[in-house]
Amino acid sequence: KETFEGHQVLRITAKDEAQLALIKDLEDMIHFELDFWRGVTDVASPVDVRVPFHSLQSVKVYLETKAIEYATMIEDLQALLEKEQEEMDAVARA
Amino acid sequence: ARSTDSFDYANYHTISEIYNFQDMLVRENPNLVSKIVIGQSYEGRPLSVLKFSTGANRPGLWIDTGIHSREWVTQASGTWFAKKIATAYGSDPALTAILNNMDIFLLIMTNPDGFAYTQTNNRMWRKTRKPNPGSSCVGVDPNRNWDAGFGEPGASNNPCSETYRGPRANSESEVKSIVDFVRSHGNLKSFISIHSYSQMLLYPYGYTSTPAKDQAELHSLAKKAITALASLYGTRYRYGSIINTIYQASGGTIDWTYNQGIKYSYTFELRDTGDYGFLLPANQIIPTAEETWLALMVIMKHAYKNAY
């Protein structure tokens, strides 16, 4: 079973079209293995992206050097998944 | 659960529990609900549509959930919708009037292989599970596999992409089965495909910026629908055409259904109040389903009252 230890989901907010284009460039950086949960649309809409642990530092550095704002939407994806699984197991037992 | 009354709608369930739920609902409501198997998935799972009907040869309203398997709140909401339709018939005048004149078709498990895979191997799986010859990457995005602008910008030709369109339109049995059903039925009046998250109600087109012929009506109806939705918990939705509201997306479900003449073709992106993405906590399933139901009713009522 694939686990997501160390993965985070970042919420990225562009302040203008230029930053939006820079975020769009992330989509083409295949080696980061990013999973866009909410894709690049317009400046008013944040972008949510799941970042594997091995890419976290690089992606954050990329965003910070371009002065693109982001927040950590999900700090520990695996912890949330385990909680979800525990809830399902509890229901099944009940 | 021993019956659909004791089924726990406030939690996520396995695929077999949902299939069992469907069978129970059919057994409990033999004069209203039947199950139609319209095809099977790549791995051989049934594509079971619940048909809510009170008469023969009626026009139909279609709802599907879960085409992107990791969007668990959609299958969970679909289960709640099924029970709601069964219980509201005879007590809710608006739904009763609809069902006295039209059929409702509900496909809860639109991508069953993907859903099973989310529960056994990879919770974040979105696509189908058919292998791609020549690639180690599996699956096709079933919302890029329809014959509407297929292969144009807004989908990927890379099998490793989450938006891989597939080798050709309708290459996925999960898509082809719906296509065959829609064509053979020939009289669907609305088609609503449900996704999550990001809180949007969208209408065609996604593959072209040319406005849909009925854009004004679709826009106005979307506004009514999201207003009804927001009346329950204040959940705010955006609405508009796919290409103008999200981005260019080719080969999408409702672009194809609209081009088939199903005027009221919409796609939902359900709620994410609390920044959970695809991991919406189970305690939000019922509020999500309840508010979405209000919007669904607006669209279904409109389709019923504005025959074409």
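Just so we're on the same page: letters track the sequence lines, and every chain starts at 1. The shown structure was predicted, so the numbers you read here are calculated from the model rather than taken from an experiment.
Contact residues of residues 27-36 of chain A toward chain B are A/D35, A/F36 (heavy-atom distance under 4.5 Å). Taking non-hydrogen atoms and a 4.5 Å limit, the residue list of residues 38-50 of chain A in contact with chain B, ordered by number, reads A/R38, A/G39, A/V40, A/T41, A/D42, A/S45, A/D48, A/R50. Contacts between residues 3-15 of chain B and chain A, defined by a heavy-atom separation under 4.5 Å, are made by B/D8, B/N11, B/Y12, B/H13, B/T14. Contacts of residues 69-79 of chain B with chain A at a heavy-atom distance below 4.5 Å involve B/R70, B/W72, listed in sequence order.
Heavy-atom contacts from other residues, nucleotides or ligands closer than 6.0 Å to NZ of A/K60 number more than 12. Annotation for A/F53: atom CZ does not count as buried by contact number, only 12 or fewer foreign heavy atoms lying within 6.0 Å. The 12-atom threshold is not exceeded at CD of A/E69, counting heavy atoms of other residues, nucleotides or ligands nearer than 6.0 Å.
Annotation: side chain of A/F4 is in contact with side chain of B/N122 (closest heavy-atom distance under 4.5 Å). Taking 4.5 Å as the limit, some side-chain heavy atom of B/M124 sits within range of a side-chain heavy atom of A/L81. Contact annotation: the side chain of A/L77 approaches that of B/L279 to within less than 4.5 Å [non-hydrogen atoms, C-beta and beyond].
Atom OH of B/Y276 and atom CD1 of A/I74 lie 9.0 Å apart (nearest 0.5 Å). Atom CD in B/Q119 sits 4.5 Å away from atom CE in A/M88 (nearest 0.5 Å).
Minimum heavy-atom separation, A/M73 to B/G277: CE-N, 3.6 Å.
Ion pair A/E2/B/R123 not flagged as a salt bridge, since none of the NZ, NE, NH1 or NH2 atoms sits closer than 4.0 Å to an Asp/Glu carboxylate oxygen.
Heavy-atom distances place no part of B/N158 under 4.5 Å from chain A, backbone and side chain included. Neither the backbone nor the side chain of A/V9 comes within contact range of chain B; no heavy atoms are under 4.5 Å apart. Proximity to chain A (any heavy atom under 4.5 Å) is restricted, for B/R238, to the side chain, taken from C-beta onward.
Top candidate by heavy-atom pairs under 4.5 Å with chain A, chosen from B/D275, B/T245, B/I246, B/T120, is B/D275.
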